Amino acid sequence: VQLQASGGGLVQAGGSLRLSCVASVSTYSSYYMAWFRQAPGKEREFVAAASRSGGSTSYADSVKGRFTISRGNARNTVYLQMNSLKPEDTAVYYCAADSLWMGSRTSQYTYWGQGTQVTVSS
């Protein structure tokens, strides 16, 4: 499984961005999908996850109510809509996939994308 994330950029506080991650796999709908992020000098942390159908989602408390994860299974894509962005959201965002787990720990995901930089200015 290869994952390609895109959509990052520079945005002012209060603004919005939508990240996309395309999975190169024929059985995309068999995978749980998630987004993580890593700020400079910090550990990679969970942001959001979606079930295989996208009908069940989970979020880190820090982004709940501002971020939305969704899946476009017909396009092998998972999205992260980020609204009301804050400077503390600045990080490299990674998409991840696994066929067994929908969790919040990095160890639960087998496949990782290359990351896309999100910078929020104050």
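A quick note: this is a predicted structure, and the numbers were derived from the prediction, not measured. Along the sequence shown, the residues carry numbers beginning at 1.
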### Query
Residues two or more places apart in sequence or in another chain: which of them pass salt bridge (charged side-chain N to carboxylate O under 4.0 Å, His left out) with K64?
D61

#### Entry: Within residues 48-88 or reaching into it, pairs that qualify as ring-ring contact (aromatic ring centres under 6.0 Å, His included) - sequence neighbours excluded
none

### Message
According to ring-ring contact (aromatic ring centres under 6.0 Å, His included), does anything in residues 10-43 pair up with another residue at least two apart or in another chain? List the pairs.
### Response
F36-F46, F36-Y109, F36-W112

In the structure I gave you, are the side-chain heavy atoms of [X] and [Y] within less than 4.5 Å of one another anywhere?
{"X": "L3", "Y": "M33", "answer": "yes"}
{"X": "S30", "Y": "S99", "answer": "no"}
{"X": "Q108", "Y": "M102", "answer": "no"}
{"X": "V118", "Y": "T90", "answer": "no"}

### Intermediate values then yes/no, side chain to side chain contact (heavy atoms under 4.5 Å, CB included), V92 and T116
CA-CA 5 Å; V92 177; T116 184; 6.0 Å; no

### Task
Enumerate the residue pairs fulfilling disulfide bond (SG atoms under 2.5 Å apart) with a member in residues 79-114, sequence neighbours excluded, ordered by first and then second residue.
C21-C95

### Task
Could you work out the complete set of other residues in the hydrophobic cluster of W101, with links drawn between I, L, V, M, F, W and Y side chains under 4.5 Å apart?
L100

### Task
Please list all pairs passing the side chain to side chain donor-acceptor pair (under 3.5 Å) test where one or both residues lie in residues 5-16, with sequence neighbours left out.
S16-N83

### Query
Taking only residues two or more places apart in sequence, or in another chain, which ones meet T110 in a side-chain hydrogen bond (donor to acceptor under 3.5 Å, both in side chains)?
D98

### Task
With sequence neighbours left out, write down each residue that passes side-chain hydrogen bond (donor to acceptor under 3.5 Å, both in side chains) with Q117, or none if nothing qualifies.
T119

### Message
Once salt bridge (charged side-chain N to carboxylate O under 4.0 Å, His left out) is applied, what residue pairs with a partner in residues 30-41 remain, sequence neighbours excluded?
### Response
R37-E45, R37-D89

### Query
If you look only at pairs with a residue in residues 102-113, which of them pass as a salt bridge (charged side-chain N to carboxylate O under 4.0 Å, His left out), with sequence neighbours excluded?
none

### Task
List in chain and number order the residues that pass side-chain contact (heavy atoms from CB on, under 4.5 Å) with Q2, two or more places apart in sequence or in another chain; answer none if no residue qualifies.
S24

#### Entry: Any residue meeting side-chain contact (heavy atoms from CB on, under 4.5 Å) with Q4, in chain and number order, not counting sequence neighbours
Q114

### Test log, rule side chain to side chain contact (heavy atoms under 4.5 Å, CB included), inputs V47 and L80
CA-CA 9 Å; V47 176; L80 185 68; 4.1 Å; yes

### Task
Report the distance from atom OG of S29 to atom CZ of R71, rounding to the nearest 0.5 Å.
7.0 Å

### Query
Which pair of non-hydrogen atoms, one from G7 and one from L17, has the smallest distance, and what is that distance?
O-CD2, 3.9 Å

